[in-house]
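Report on one structure; see the data block that follows.
What's counted below: heavy atoms across the whole structure, side chains too, no hydrogens, waters or symmetry copies. Read the numbers this way: they start at 1 and go in the same order the structure lists the ligands and their atoms.
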Amino acid sequence: MARMLKEMVGLVTGGASGLGRATVDRLVRNGVKTVMFDLPSSGGAEESAKIHKENCVFCPGDVTSPEDVQKALDICQEKWGKLNVLVNCAGIGIAKKTFSSARNQVHSLDDFDQVLNVNVCGTFNVIRLAARIMANGEMGPDFERGVIINTASVAAFEGQIGQAAYSASKGAIVGMTLPIARDLSSCGIRVMTIAPGLFETPLLGKLPAKVKEELGKQSPFPNRLGNPDEYAHLVQTIIENQMLNGEVIRLDAAIRMQP
Ligand SMILES: NC(=O)c1ccc[n+]([C@@H]2O[C@H](COP(=O)([O-])OP(=O)(O)OC[C@H]3O[C@@H](n4cnc5c(N)ncnc54)[C@H](O)[C@@H]3O)[C@@H](O)[C@H]2O)c1
């Protein structure tokens with residue numbers, strides 16, 4: 001049975017930019033009242049106002065902070081009385097070799113820690129607190145209370161040179177998808193993860209057009225970078241199709257990253 005997005009309430013982390021921004025936009029267009037959660041420096045207030053003045057609210061905060069995340073969940077509850085959808089898009093990356101012989105430099109442990117902290121602990125922090133709100137919410141006619149969607153990367157499977165920290169973090173998100181889906185199954189909450197290939201977000205937007213074109217050509221078909229709304233479209237599909245649970249979906253135009 002296809003689930004109706006209208007009347008749902010959502011929270012999107014990293015919602016002020018790229019894949020998260022496109023997700024907020026699509027959810028709100030489909031009737032989901034949404035809290036856009038992102039760092040205070042993200043420009044989220046302006047972005048949320050562009051999307052919708054009432055059905056989109058910006059909450060500044062850091063995914064690694066329990067207090068900040070609770071603040072966003074409180075907005076969902078106080079303003080709209082529930083939470084049905086969580087999309088975790090907040091994430092960071094670095095490019096550093098484990099050991100660089102050219103520079104005689106080892107990978108800093110602080111850098112490794114930071115990527116793991118934001119991408120893994122941050123994602124888990126939001127999931128655990130959101131799960132409590134969802135689990136205490138009303139059950140839908142299909143016995144469902146909520147859907148949680150995380151963002152990994154194809155780097156979880158074929159990480160490139162310099163991606164030890166990033167790949168470890170995305171691999172952890174892949175690894176925790178099934179156990180969390182199992183943990184939350186008795187509450188009527190589904191958990192899925194999307195592993196994107198190369199998408200045209202502000203991250204890549206700063207690159208010269210020629211470099212972007214070359215990156216896009218690495219995808220067998222279609223031979224281009226992904227559009228952030230194509231990611232958001234999969235988020236919508238996951239919400240609507242109740243049989244999707246405990247799985248990781250690659251959204252990558254068949255790309256297999258080279259070393
Ligand atoms: N763009 C791609 O090609 C691609 C490919 C694979 C995976 N991803 C993943 O998709 C997600 C979104 O990436 P994007 O390309 O849209 O990047 P982006 O940089 O455009 O957006 C990421 C957002 O996360 C926010 N953020 C970072 N740290 C945060 C924190 N501690 N608390 C709250 N918000 C925080 C940033 O402010 C930013 O708005 C990331 O997890 C990224 O690893 C992106």
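Heavy-atom proximity to atom 29 (C) of ligand 1, evaluated over Asp68, Leu39, Val126, is greatest for Leu39. When the options Ala72, Ala16, Pro60, Ser17 are ranked by their closest heavy atom to atom 18 (P) of ligand 1, first place goes to Ser17. Taking each of Tyr231, Phe37, Tyr166 in turn, the one with a heavy atom nearest to atom 8 (N) of ligand 1 proves to be Tyr166. With distances taken over non-hydrogen atoms, the option nearest atom 6 (C) of ligand 1 out of Pro196, Pro202, Ala195 is Pro196. Among Gly197, Gly18, Gly122, Gly91, the residue whose heavy atom lies nearest to atom 22 (C) of ligand 1 is Gly91. In the candidate list Asn150, Asn125, Val154, Asp38, Asp38 is nearest to atom 36 (C) of ligand 1, counting heavy atoms.
Ligand 1 has an N or O atom lying under 3.5 Å from an N or O atom of Cys89, backbone or side chain. An N or O contact shorter than 3.5 Å links Asp62 to ligand 1 by distance. Ligand 1 has an N or O atom lying under 3.5 Å from an N or O atom of Phe199, backbone or side chain. Considering both main-chain and side-chain atoms, Thr64 never comes within under 3.5 Å of ligand 1 through any nitrogen or oxygen pair.
The contact set between ligand 1 and Leu198, taken as ligand atoms under 4.0 Å from a residue heavy atom, comprises 3 (O). Each of the following atoms of ligand 1 lies closer than 4.0 Å to a heavy atom of Val118: 28 (N), 31 (N). Atoms of ligand 1 lying under 4.0 Å from at least one heavy atom of Gly14, given by number and element, are 23 (C), 24 (O), 25 (C).
Taking hydrophobic clusters as Ile, Leu, Val, Met, Phe, Trp and Tyr residues chained together by side-chain heavy-atom distances below 4.5 Å, Phe199 shares a cluster with Ile149.
The closest protein non-hydrogen atom to atom 32 (N) of ligand 1 is Val63 N, 3.0 Å. The protein heavy-atom contact nearest to atom 19 (O) of ligand 1 is Leu203 CD1, 3.7 Å. Of the protein's non-hydrogen atoms, Leu19 N, 2.8 Å is the one closest to atom 16 (O) of ligand 1. At the top of the distance list for atom 9 (C) of ligand 1, counting protein heavy atoms only, stands Thr151 CG2, 3.7 Å. Shortest contact from atom 33 (C) of ligand 1 to any protein heavy atom: Gly61 O, 3.5 Å.
Under 4.0 angstrom from ligand 1, the non-hydrogen atoms of Ala152 all belong to its backbone. Residue contacts with ligand 1 for Lys170 involve side-chain atoms from C-beta outward but no N, CA, C or O (heavy atoms, distance under 4.0 Å). Contacts of Thr201 with ligand 1, taken as heavy-atom pairs under 4.0 Å, involve the side chain alone.
Using modelled atom types and a 3.5 Å distance limit, the side chains of Gln114 and Asp110 yield no donor-acceptor pair. Under the 3.5 Å distance criterion, with hydrogens and angles disregarded, no donor-acceptor pair is assigned to the side chains of Gln160 and Gln258. Between the side chains of Arg26 and Gln236, a donor-acceptor pair is found at a separation under 3.5 Å.
For Ile92, the closest heavy-atom approach to ligand 1 falls below 4.0 Å. Ligand 1 is never approached by Gly226 to a heavy-atom distance shorter than 4.0 Å.
If you run side chain to side chain donor-acceptor pair (under 3.5 Å) between Asp74 and each of Gln77, Gln70, Lys71, only Gln70 comes through.
More than 12 heavy atoms of other residues, nucleotides or ligands shown are found within 6.0 angstrom of NZ on Lys82. Counting non-hydrogen atoms of other residues, nucleotides and ligands closer than 6.0 Å to CD of Glu7 gives a total of 12 or fewer.
Using a cutoff of 4.0 Å between basic side-chain nitrogens and carboxylate oxygens, Arg190 and Glu240 are not scored as salt-bridged.
Expressed to the nearest 0.5 Å, how far CG of Leu86 lies from CG of Asn150 amounts to 7.0 Å. Note that CG of Asp25 is 8.5 Å distant from CE of Met36, once rounded to the nearest 0.5 Å.
The minimum heavy-atom distance between Gly246 and Thr177, with the atom names listed, is C-CG2, 4.0 Å. For the residue pair Phe157 and Ala195, the shortest heavy atom distance occurs at CE1-CB, 4.0 Å. Closest heavy-atom contact between Ala16 and Gly44: CB-CA, 3.8 Å.
Proximity of Lys212 to Leu198: side-chain heavy atoms (C-beta onward) are nowhere separated by under 4.5 Å.
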